[in-house]
Student: 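Below you'll find the structure I mean.
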Amino acid sequence: MAEAKSRVFSGVQPTGNLHLGNYLGAITRFVELQDTHDCLYCVVDLHAVTVWQDPDELTRNTREVTAAFLASGIDAETHIVFNQSQVPAHAELAWLLNCVARIGWLNRMTQFKEKAGKNRENASVGLFAYPVLMAADILAYRSTHVPVGEDQKQHLELSRDIAQKFNTDFARAIARAGHEAEFFPPPEPLIMGPATRVMSLRDGTRKMSKSDPSDLSRINLSDDADTIAKKIRRAKTDPNALPSEVEGLAARPEASNLVGIFAALSGRSAGDILKQFGGGPFSRLKDALADVAVDVLTPIGAETARLMDDPDHIDRILSRGAARASAIATPILEATRDVMGFVRAPHRR
Ligand code: AQP
């Protein structure tokens with residue numbers, strides 16, 4: 001890959017089963033962007049360990065996210081697929097950026113507050129610094145665009161603030177070395193598509209999430225047809241009939257979520273779906289949604305399972321991707337070190 005004008009980077013944590021929210025909010029966008037951008041897609045295992053992970057599970061989940069990427073249509077030949085821990089530039093740049101980011105900025109991150117909960121003193125330092133590592137992931141490649149779900153918007157804004165502060169703090173050294181003033185281009189979030197925030201099937205006010213204790217709250221990409229249909233049939237609804245117009249979905253989070261998922265999976269508009277199912281019971285919508293979800297998701301689950309039968313193949317893809325990612329990140333990291341004034345060996349200048 002040559003030095004690109006616009007480069008996409010995004011990551012997914014290997015912290016458990018990928019679910020419909022990850023698929024619609026992130027992975028389908030990753031696939032689309034391959035036609036127009038140079039893309040790096042990363043299994044962010046260093047992020048995963050900000051919360052304790054069973055080592056065997058971490059290995060398995062890392063391979064499984066990779067397999068799900070490939071099964072969903074990510075092309076690891078044309079683009080770069082790798083796991084974060086194999087490219088040391090992420091961790092080193094994160095340290096440098098930890099010294100640029102301000103504690104006050106991190107204190108405002110709502111995801112830390114949600115994940116740390118009441119027992120904040122007992123959360124790992126890594127969980128607190130997580131958004132700085134995310135900034136490093138993105139800036140290590142001077143990525144210009146980052147497709148994410150709605151929940152990552154605040155972290156992306158922080159990455160932009162860190163990039164801008166670095167560019168300002170080291171402006172003179174950046175100019176002296178002949179770099180562009182935007183040494184780190186502030187990355188643009190790409191929060192796009194009809195399902196940027198897929199909600200839990202058990203509570204339409206909470207995000208669908210891997211860490212929700214109820215498996216009925218989410219559709220996993222690994223679920224079989226019967227499980228998908230069962231989860232949709234048991235999804236929480238309200239007692240009223242479906243509205244016939246989109247405006248009628250306001251203040252009805254469960255109805256809105258099911259219609260949104262239907263629209264995203266089928267490529268139809270919410271208005272069109274409500275024209276067909278409005279006025280009727282939820283069960284009609286749920287039956288049709290189950291059919292669409294099974295059609296879209298079960299081939300991905302089957303292909304993921306097939307790829308998981310050959311872990312060596314997956315590991316080869318990841319290590320080759322890591323070598324290609326390193327080739328981009330290493331000169332950027334070296335330029336960062338130079339701009340900050342770190343001494344290097346004479347033969348490496
Ligand atoms: N419910 C969602 N709707 C839309 N997009 C979502 N994403 C996650 N949940 C939804 C997007 O998926 C990408 C990868 O997410 P991640 O694995 O890095 O971490 P996460 O956002 O913390 O995902 P989870 O499932 O909620 O994990 P846990 O439970 O471990 O916190 C991101 O682009 C994210 O926006």
Side-chain angles (χ1 to χ4, degrees), residues 8-33 39-54 57-58 61-62 64-66 68-69 72 74 81 83-84 90 109-117 123-124 126-127 130-131 133-135 137-138 143 145-159 187-215 217-222 231 235 253-254 256-258 260-261 263-265:
V8 163
F9 176 94
S10 199
V12 173
Q13 295 189 74
T15 42
N17 274 322
L18 288 186
H19 54 71
L20 187 64
N22 301 131
Y23 179 70
L24 293 175
I27 297 173
T28 54
R29 306 281 86 83
F30 297 179
V31 173
E32 285 165 14
L33 287 162
C39 304
L40 293 113
Y41 294 129
C42 186
V43 185
V44 287
D45 45 10
L46 296 176
H47 282 277
V49 298
T50 55
V51 174
W52 188 83
Q53 302 294 319
D54 176 89
E57 285 289 304
L58 181 68
N61 287 334
T62 300
E64 197 164 65
V65 171
T66 311
F69 277 0
S72 303
I74 290 176
V81 173
N83 60 317
Q84 191 184 21
H90 291 247
M109 295 297 112
T110 54
Q111 196 176 83
F112 174 73
K113 290 180 195 157
E114 282 162 20
K115 289 205 170 178
S124 73
L127 189 66
Y130 178 116
L133 178 58
M134 181 165 159
D137 299 338
I138 297 164
S143 314
H145 296 89
V146 185
V148 282
E150 174 73 37
D151 59 317
Q152 293 296 329
K153 190 166 178 237
Q154 195 185 34
H155 288 165
L156 250 298
E157 279 159 11
L158 186 90
S159 295
E188 293 287 338
L190 295 176
I191 300 173
M192 53 187 206
T196 56
R197 191 169 175 84
V198 177
M199 308 309 279
S200 157
L201 297 181
R202 304 303 301 160
D203 177 353
T205 64
R206 292 169 62 89
K207 182 180 89 117
M208 185 178 284
S209 154
K210 297 187 204 96
S211 55
D212 192 314
S214 166
D215 194 52
S217 70
R218 64 185 158 260
I219 296 175
N220 302 308
L221 294 190
S222 55
K231 287 180 176 176
E254 282 83 20
S256 174
N257 191 35
L258 289 178
I261 292 172
L265 284 173

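Counting starts at 1 for both ligands and their atoms, following the listed order.
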Student: Can you pull out the closest protein heavy atom to atom 33 (O) of ligand 1? Residue, atom name and distance to 0.1 Å, please.
Tutor: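 Sorting protein heavy atoms by distance from atom 33 (O) of ligand 1 puts Gly149 N, 3.2 Å first.
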
Student: So which protein heavy atom does atom 20 (P) of ligand 1 come closest to, and at what separation?
Tutor: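 I find the closest protein heavy atom is Lys207 NZ, 3.7 Å.
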
Student: Side chains of Thr110 and Gln154 only: does a donor on one sit below 3.5 Å from an acceptor on the other?
Tutor: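 Yes, Gln154 and Thr110 have a side-chain donor paired with an acceptor closer than 3.5 Å.
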
Student: May I ask you to identify the nearest protein heavy atom to atom 1 (N) of ligand 1, giving residue, atom name and distance to one decimal place in Å?
Tutor: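 It is Val198 O, 2.8 Å.
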
Student: Please identify which of these residues, Val8, Val31, Ile74, meets the side-chain contact (heavy atoms from CB on, under 4.5 Å) condition with Cys39.
Tutor: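 Between Cys39 and the candidates, side-chain contact (heavy atoms from CB on, under 4.5 Å) is satisfied uniquely by Val8.
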
Student: Select the closest option to atom 13 (C) of ligand 1 among Pro147, Cys42, Ala26, Ala264, judged by heavy-atom distance.
Tutor: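 That would be Ala26.
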
Student: Could you tell me, atom by atom, which parts of ligand 1 come under 4.0 Å of a heavy atom of Gly25?
Tutor: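 Those of ligand 1 that fall under 4.0 Å from Gly25 are 4 (C), 5 (N).
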
Student: Do Met192 and Leu33 touch side chain to side chain, with heavy atoms closer than 4.5 Å?
Tutor: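 When only atoms from C-beta onward are counted, Leu33 and Met192 do touch, with a gap below 4.5 Å.
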
Student: Are any of the N/O atoms on Met208, whether in the backbone or the side chain, positioned under 3.5 angstrom from an N/O atom of ligand 1?
Tutor: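 Yes: some nitrogen or oxygen of Met208 is under 3.5 Å from one in ligand 1.
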
Student: Note the single closest protein heavy atom to atom 19 (O) of ligand 1, along with its residue, its atom name and the distance in Å.
Tutor: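 In this structure, atom 19 (O) of ligand 1 has Gln13 NE2, 3.3 Å as its nearest protein heavy atom.
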
Student: Using heavy-atom distances, let me know which of Glu114, Arg29, Lys115 sits nearest atom 22 (O) of ligand 1.
Tutor: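 Selected option, by shortest heavy-atom distance: Lys115.
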
Student: So, do Leu221 and His19 sit near enough that their side-chain heavy atoms are less than 4.5 Å apart?
Tutor: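 They are not in contact (no side-chain heavy atoms under 4.5 Å apart), so the answer is no.
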
Student: Quick one: CG on Leu20 to CG on Asn257, what's the gap to the nearest 0.5 Å?
Tutor: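 Spacing of CG (Leu20) from CG (Asn257) equals 8.5 Å.
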
Student: Only heavy atoms of Ser209, strictly under 4.0 Å: list the atoms of ligand 1 that pass.
Tutor: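 Those of ligand 1 that fall under 4.0 Å from Ser209 are 25 (O), 26 (O), 28 (P), 29 (O).
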
Student: Which atoms of ligand 1 are found less than 4.0 Å from any heavy atom of Val12?
Tutor: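 Once the distances to Val12 are compared, the set is 14 (C), 17 (O), 18 (O).
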
Student: Which residue owns the protein heavy atom closest to atom 25 (O) of ligand 1, what's the atom, and how far is it?
Tutor: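 Among all protein heavy atoms, the one nearest atom 25 (O) of ligand 1 is His19 NE2, 2.6 Å.
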
Student: Any non-hydrogen atom of His47 lying under 4.0 Å from ligand 1?
Tutor: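 Contact absent.
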
Student: May I ask you to check whether His155 and Tyr130 place their ring centres under 6.0 Å from each other?
Tutor: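 Yes; His155 has its ring centre under 6.0 Å from that of Tyr130.
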
Student: Measuring from the heavy atoms of Arg218, does anything fall under 4.0 Å of ligand 1?
Tutor: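 Flag not set, Arg218 not near ligand 1.
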
Student: At what distance is the nearest protein heavy atom to atom 6 (C) of ligand 1, and which residue and atom is it?
Tutor: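 Answer, as residue, atom name and distance: Gly21 O, 3.4 Å.
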
Student: Are more than 12 heavy atoms from other residues, nucleotides or ligands located less than 6.0 Å from atom NZ of Lys153?
Tutor: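 Not more than 12 within 6.0 Å, no.
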
Student: Counting C-beta onward and ignoring hydrogens, is there a side-chain heavy-atom pair between Leu18 and Tyr23 closer than 4.5 Å?
Tutor: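 The answer is no, as the side chains (C-beta and beyond) never meet within the 4.5 Å cut-off.
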
Student: With heavy atoms under 4.0 Å as the rule, classify the contact between Arg197 and ligand 1 as side chain, backbone, both or neither.
Tutor: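 Backbone only.
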
Student: Check the orientation of Phe30 and Tyr41. Use parallel for under 30°, tilted for 30 to 60°, and perpendicular for over 60°.
Tutor: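 Phe30 vs Tyr41 ring planes: parallel.
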
Student: With respect to atom 21 (O) of ligand 1, which of Val148, Asp151, Val146 exhibits the smallest heavy-atom separation?
Tutor: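 Nearest heavy atom to atom 21 (O) of ligand 1 lies in Asp151.
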
Student: Under 4.0 Å from a heavy atom of Lys210: which atoms of ligand 1 are those, numbered in the order shown and with their elements?
Tutor: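 Answer for ligand 1: 16 (P), 17 (O), 19 (O), 23 (O), 24 (P), 25 (O), 27 (O), 29 (O).
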
Student: Taking non-hydrogen atoms only, is Thr196 closer than 4.0 angstrom to ligand 1 via side chain, backbone, both or neither?
Tutor: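 For Thr196, the contact with ligand 1 is made by the backbone alone.
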
Student: Under a 4.0 angstrom heavy-atom cut-off, which atoms of ligand 1 come close to Thr15?
Tutor: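 Those atoms are 30 (O).
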
Student: I want to check something: taking the side chain as every heavy atom from C-beta on, are Leu265 and Ile261 in contact at a cut-off of under 4.5 Å?
Tutor: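 Yes, close enough: below the 4.5 Å cut-off.
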
Student: Can you tell me if Asp212 and Ser214 form a side-chain donor-acceptor pair at under 3.5 Å?
Tutor: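 No, no side-chain donor-acceptor contact under 3.5 Å.
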
Student: Around atom 14 (C) of ligand 1, find the nearest protein heavy atom and jot down its residue, atom name and distance.
Tutor: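 Answer, as residue, atom name and distance: Asn22 ND2, 3.7 Å.
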
Student: Assess the side chains of Asn17 and Ser222: does a donor N or O sit below 3.5 Å from an acceptor N or O?
Tutor: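 Indeed, the side chains of Asn17 and Ser222 share at least one donor-acceptor pair under 3.5 Å.
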
